[in-house]
Participant: 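I have a structure I would like to understand better, so I am pasting it below and will then ask my questions one at a time.
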Amino acid sequence: MAAPRVLLAGWWFAVAAVAAAGVDALGVNWGTMSTRRLPPKVIARLLTDNGFRKVKIFDADERTMKGLAGTGIETMIAVPNDMLAAVADYDRARQWVKDNVTKYTFDGGVNIKFVAVGNEPFLKAYNGSFDHVTVPALKNIQRALDEAGHGAAVKATVPVNADVYDSPASNPVPSAGRFRGDVAGVMTNMVRFLNRSGAPLTVNIYPFLSLYGDADFPLDFAFFDGGGGSAKPVVDGRVVYTNVFDANFDTLVSALRRVGLGHLPVMIGEVGWPTDGDRHATAALAERFYAGLLKRLAARRGTPLRPGARIEVYLFGLIDEDAKSVAPGNFERHWGIFTFDGRPKFPLDLRGGGDGRPAMPVPARGVEYLPRRWCVLNHISAGGGDDDDATAGGRVADNVGYACSRADCTALGYGCSCGALDARGTASYAFNAYYQAQGQVESACDFQGLAVVVHDDASQGACNFSVQVVGSGAPVAAEVTTVAAVLVLVPLFLVLL
């Protein structure tokens with residue numbers, strides 16, 4: 001997922017929307033960018049225990065595929081963006097299909113349904129890097145699927161971000177939707193091919209990003225319950241839109257109509273709400289969003305331009321990923337409806353009853369944890385007197401910066417789950433995050449003698465100091481990130497320690 005905000009010129013249509021679907025069309029994204037991954041078989045069991053019959057992954061990693069083998073779960077695998085240029089050559093595309101589709105289509109193998117060719121390759125942020133290779137890659141992958149005998153059962157598609165379409169500033173309403181000017185030709189070529197091949201168009205949609213990207217966005221317009229009517233509706237002729245979800249989806253439908261393909265099926269590749277890393281990323285708001293979404297899916301209401309339509313929807317995402325890039329925002333590591341270790345965060349109506357009685361999802365089974373120990377700031381060595389308080393505070397600040405550049409400290413931001421910690425608590429959180437990410441090796445809890453291992457849970461209030469899972473391999477360093485909240489706390493160390 002990428003986070004650029006999508007505008008329908010002059011208004012808040014920052015994300016795409018989806019027509020309602022039944023729970024039989026509900027899937028989920030399984031991302032694997034974690035310092036210590038749960039074993040794939042544990043994740044596969046988590047999927048089946050919670051009734052997910054469809055899953056979307058972001059590659060065709062052998063470990064992941066082996067985990068899905070024999071489950072019967074319909075799977076969308078992916079050609080990563082950095083391979084698009086390669087599979088734009090047909091021989092390479094044919095080899096990719098052999099290695100990643102044919103290899104797993106045996107009795108008791110993986111039930112592959114789609115191949116995602118790239119992921120949001122037309123993002124404005126990519127400056128056209130993939131514009132000329134995506135459609136050739138799409139055509140080659142589908143041709144290779146057809147020639148290998150998979151074409152009837154497996155379709156190639158391209159997940160796009162909702163920024164590939166908009167409405168003009170002079171008429172910012174859904175009925176005026178069109179493809180973005182710089183990619184209009186590519187998108188038209190692509191959707192025409194999808195229409196011929198029998199594949200749906202896949203779009204990723206994020207109402208949360210409307211709030212994140214625009215301080216003036218009305219909160220209630222991101223949800224389905226109307227918030228008591230506090231959000232001003234959008235009037236488009238005789239149609240009234242009460243949420244950004246519907247408005248943006250119909251903008252896409254209008255864009256398709258303009259190229260003569262208003263009937264093309266649309267599949268939602270990603271839609272969700274994060275639970276930390278931003279003041280609007282909370283479990284309460286996520287629960288509200290999903291409650292409205294899942295109720296709509298069960299009712300199959302559709303949108304004004306596609307009433308009653310059935311569209312496949314993949315929630316984003318399954319579990320938190322603490323090694324994702326936070327370039328779009330600190331919330332990127334908190335999209336999961338489950339925590340990193342497979343614990344549910346809030347009630348969900350995943351069974352599709354639509355009766356307003358969501359229940360807590362089934363947690364992951366068979367999770368193995370590292371020993372119950374934590375790395376925290378050593379109070380004795382943090383400061384030794386008036387003369388060296390500033391020096392000690394500076395050393396703590398430097399070590400906090402080091403820890404947070406190599407582990408996940410996104411919960412420390414303003415308005416986040418650990419944002420209320422004092423300087424000592426912040427240092428302890430940072431030290432523990434690094435210690436856990438490194439697999440609790442002894443050398444990871446030193447920090448120039450400032451840290452100590454304890455055996456009592458170091459969590460403080462709503463702020464959870466986690467113990468990592470054993471994982472399925474050696475730990476990897478999280479992508480370097482500097483959390484603003486940590487930098488702000490640097491001078492506080494000099495005052496409070």
Participant: Search all heavy atoms of Gly342 against all heavy atoms of Leu38 and return the closest pair with its distance.
Facilitator: N-CD1, 4.1 Å
Participant: Might you point out which heavy atoms bring Arg373 and Val467 nearest each other, and give the distance in Å?
Facilitator: O-CG2, 4.1 Å
Participant: Is it true that a side-chain atom of Asp408 and a backbone atom of Thr410 form a donor plus acceptor pair closer than 3.5 Å?
Facilitator: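 Checking the backbone N and O of Thr410 against the side chain of Asp408, a donor-acceptor pair under 3.5 Å is found.
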Participant: Could you walk me through whether Tyr126 and Asp131 satisfy the side-chain hydrogen bond (donor to acceptor under 3.5 Å, both in side chains) test, starting with their C-alpha distance in whole Å, then the side-chain angles of each, then the deciding distance to 0.1 Å, before giving a yes or no?
Facilitator: CA-CA 9 Å; Tyr126 291 150; Asp131 290 4; over 6 Å; no
Participant: Is the backbone of Ala247 close enough, under 3.5 Å, to the side chain of Thr251 for a donor and an acceptor to pair up by distance?
Facilitator: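 Checked: pair present.
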Participant: Considering only NZ, NE, NH1 and NH2 on the basic side and carboxylate oxygens on the acidic side, decide whether Arg424 and Asp422 come within less than 4.0 Å.
Facilitator: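 Between Asp422 and Arg424 there is no salt bridge, as every charged N stays at least 4.0 Å from the carboxylate O atoms.
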Participant: Do we see a donor-acceptor contact under 3.5 Å between the side chains of Tyr212 and Asp278?
Facilitator: no
Participant: Given side chains that start at C-beta, do those of Gln436 and Leu370 come closer than 4.5 Å, heavy atoms only?
Facilitator: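 Yes, side chains in contact.
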Participant: Decide yes or no for Ile205 and Asn161: does some side-chain heavy atom of the first lie under 4.5 Å from some side-chain heavy atom of the second?
Facilitator: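 No; the side chains remain at least 4.5 Å from each other.
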Participant: Quick one: CG on Leu46 to CH2 on Trp30, what's the gap to the nearest 0.5 Å?
Facilitator: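 With rounding to 0.5 Å, CG (Leu46) is 9.5 Å from CH2 (Trp30).
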Participant: Please check this pair: side chain of Ser325 against backbone of Ala327, looking for a donor-acceptor N/O pair closer than 3.5 Å.
Facilitator: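 Answer holds: yes.
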Participant: Any side-chain heavy atom of Val55 sitting closer than 4.5 Å to one from Leu68?
Facilitator: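 Side-chain contact under 4.5 Å: yes.
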Participant: Ignoring hydrogens and geometry beyond distance, is a side-chain donor-acceptor pair present between Asp322 and Thr35 at under 3.5 Å?
Facilitator: yes
Participant: Using only atom types and a distance under 3.5 Å, with no angle test, would you say the side chain of Thr242 pairs donor to acceptor with the backbone of Pro233?
Facilitator: no
Participant: Counting C-beta onward and ignoring hydrogens, is there a side-chain heavy-atom pair between Trp374 and Val453 closer than 4.5 Å?
Facilitator: no
Participant: List the steps and the verdict of side-chain contact (heavy atoms from CB on, under 4.5 Å) for Val117 and Leu84.
Facilitator: CA-CA 7 Å; Val117 181; Leu84 291 176; 3.6 Å; yes
Participant: So, Lys295 and Asp349, do they make that salt bridge, N to O below 4.0 Å?
Facilitator: no
Participant: Is there a donor-acceptor contact under 3.5 Å linking the side chains of Asn464 and Ser466?
Facilitator: no
Participant: For Phe223, is the NZ or CZ atom of Arg288 found under 6.0 angstrom from the centre of its six-membered ring and inside 45 degrees of the ring axis?
Facilitator: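 Because its charged atom sits under 6.0 Å from the ring centre and within 45° of the axis, Arg288 does stack over Phe223.
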Participant: Regarding Thr339 and Asp320, do their side chains bring together a donor and an acceptor under 3.5 Å, going by distance alone?
Facilitator: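 Checked: Thr339/Asp320 side chains show no N/O donor-acceptor pair below 3.5 Å.
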Participant: Determine, for Arg333 against Glu321, whether the closest basic-nitrogen to carboxylate-oxygen distance falls under 4.0 angstrom.
Facilitator: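 No, Arg333 and Glu321 are not salt-bridged.
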Participant: Given the rule in the side-chain contact (heavy atoms from CB on, under 4.5 Å) test, do Asn399 and Gln448 qualify, once you have shown the distances and angles that lead to the verdict?
Facilitator: CA-CA 8 Å; Asn399 279 279; Gln448 296 180 302; 2.8 Å; yes
Participant: Under 3.5 Å, is there a donor-acceptor pair between the side chain of Asn243 and the main chain of Phe221?
Facilitator: no
Participant: Just by modelled atom types, is the Ile73 backbone N or O under 3.5 Å from a matching donor or acceptor in the Thr75 side chain?
Facilitator: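 The answer is yes, because a donor-acceptor pair under 3.5 Å joins these two groups.
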Participant: Once rounded to the nearest 0.5 Å, what's the spacing between atom CD of Gln468 and atom CD of Gln440?
Facilitator: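 Answer rounded to 0.5 Å: 9.0 Å.
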Participant: Can you see which heavy atom on Pro159 is nearest to which on Gly118, and at what distance?
Facilitator: CD-O, 3.3 Å
Participant: Flag the pair Phe447 / Cys375 as yes when at least one side-chain heavy-atom distance between them is below 4.5 Å, and no otherwise.
Facilitator: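 A side-chain contact exists here, since the closest heavy-atom pair is under 4.5 Å.
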Participant: Among residues at least two apart in sequence or on other chains, which ones pass ring pair (Phe, Tyr, Trp, His ring centres under 6.0 Å) with Tyr314?
Facilitator: none
Participant: Measure across Ile43 and Leu318 and return the closest heavy-atom pair with its distance rounded to 0.1 Å.
Facilitator: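 For Ile43 and Leu318, the tightest heavy-atom pair comes out as CG2-CD2, 3.6 Å.
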Participant: For Lys345, does the NZ atom sit with more than 12 other heavy atoms under 6.0 Å from it, leaving out its own atoms?
Facilitator: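 Enclosed.
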Participant: So, Thr71 and Thr48: side-chain donor and acceptor under 3.5 Å apart, yes or no?
Facilitator: no
Participant: With distance as the sole test, does Asn29 use its side chain to make a donor-acceptor pair with the main-chain N or O of Leu315 at under 3.5 Å?
Facilitator: yes
Participant: For Tyr435, enumerate each residue passing the ring pair (Phe, Tyr, Trp, His ring centres under 6.0 Å) test, keeping only those at least two apart in sequence or located in another chain.
Facilitator: none
Participant: So, Lys56 side chain and Glu270 main chain: donor-acceptor pair closer than 3.5 Å or not?
Facilitator: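 Pair absent, no side-chain N/O of Lys56 close to backbone of Glu270.
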Participant: Within this structure, what is the CH2-CD1 distance for the pair Trp335 and Ile319, rounded to the nearest 0.5 Å?
Facilitator: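 Answer rounded to 0.5 Å: 16.0 Å.
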Participant: Look only at the side chain of Glu312 and the backbone of Ile268, and say whether a donor-acceptor pair between them is shorter than 3.5 Å.
Facilitator: no
Participant: Would you compute the distance between atom CD1 of Ile57 and atom CD1 of Ile112 and round it to the nearest 0.5 angstrom?
Facilitator: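 Ile57 atom CD1 to Ile112 atom CD1 measures 8.0 Å (nearest 0.5 Å).
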Participant: Between Tyr434 and Tyr402, is the ring centroid distance below 6.0 Å?
Facilitator: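 Under 6.0 Å, so yes.
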Participant: Before giving the answer on ring-ring contact (aromatic ring centres under 6.0 Å, His included), spell out for Phe465 and Tyr429 the whole-Å C-alpha distance, their side-chain angles and the decisive distance to 0.1 Å.
Facilitator: CA-CA 6 Å; Phe465 284 49; Tyr429 184 93; 5.3 Å; yes
Participant: Identify all side-chain donor-acceptor contacts of residues 279-287 below 3.5 Å with residues at least two apart in sequence or on another chain.
Facilitator:
residue	atom	partner	partner atom	Å
Thr282	OG1	Leu285	N	3.1

Participant: Are any of the side-chain nitrogens in Asp246 or Arg296 under 4.0 Å away from the carboxylate oxygens of its partner?
Facilitator: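 Yes, charged N to carboxylate O under 4.0 Å.
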Participant: Are side-chain heavy atoms of Ile77 and Met65 found at a separation under 4.5 Å?
Facilitator: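 Ile77 vs Met65: side chains touch.
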Participant: Rounded to the nearest 0.5 Å, how far apart are CG of Asp276 and SG of Cys418?
Facilitator: 7.0 Å
Participant: With the side chain counted from C-beta on, respond yes when Asp49 and Arg365 share a heavy-atom pair under 4.5 Å apart, and no when they do not.
Facilitator: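 The answer is yes; the side chains approach within 4.5 Å.
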Participant: Check step by step if side-chain contact (heavy atoms from CB on, under 4.5 Å) holds for Leu421 and Leu412.
Facilitator: CA-CA 8 Å; Leu421 294 178; Leu412 292 171; 4.0 Å; yes
Participant: Return the minimal non-hydrogen interatomic distance between Gly72 and Asn111, and the atom names on each side.
Facilitator: O-ND2, 3.2 Å
Participant: A side-chain contact here means heavy atoms from C-beta on lying under 4.5 Å apart; do Val158 and Thr202 qualify?
Facilitator: no
Participant: Just verifying a value: how many Å separate Phe289 CZ and Phe346 CZ, rounded to the nearest 0.5 Å?
Facilitator: 10.0 Å
Participant: Measure across Leu26 and Leu350 and return the closest heavy-atom pair with its distance rounded to 0.1 Å.
Facilitator: CD2-CD2, 4.2 Å
Participant: Decide side-chain contact (heavy atoms from CB on, under 4.5 Å) for Asp163 and Arg180; before the verdict, give the C-alpha distance in whole Å, the side-chain angles of both, and the deciding distance to 0.1 Å.
Facilitator: CA-CA 7 Å; Asp163 74 347; Arg180 199 178 77 219; 3.4 Å; yes
Participant: Measure from the ring center of Phe208 to the ring center of Trp273 and say whether it is less than 6.0 Å.
Facilitator: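 So the answer is yes for these two rings.
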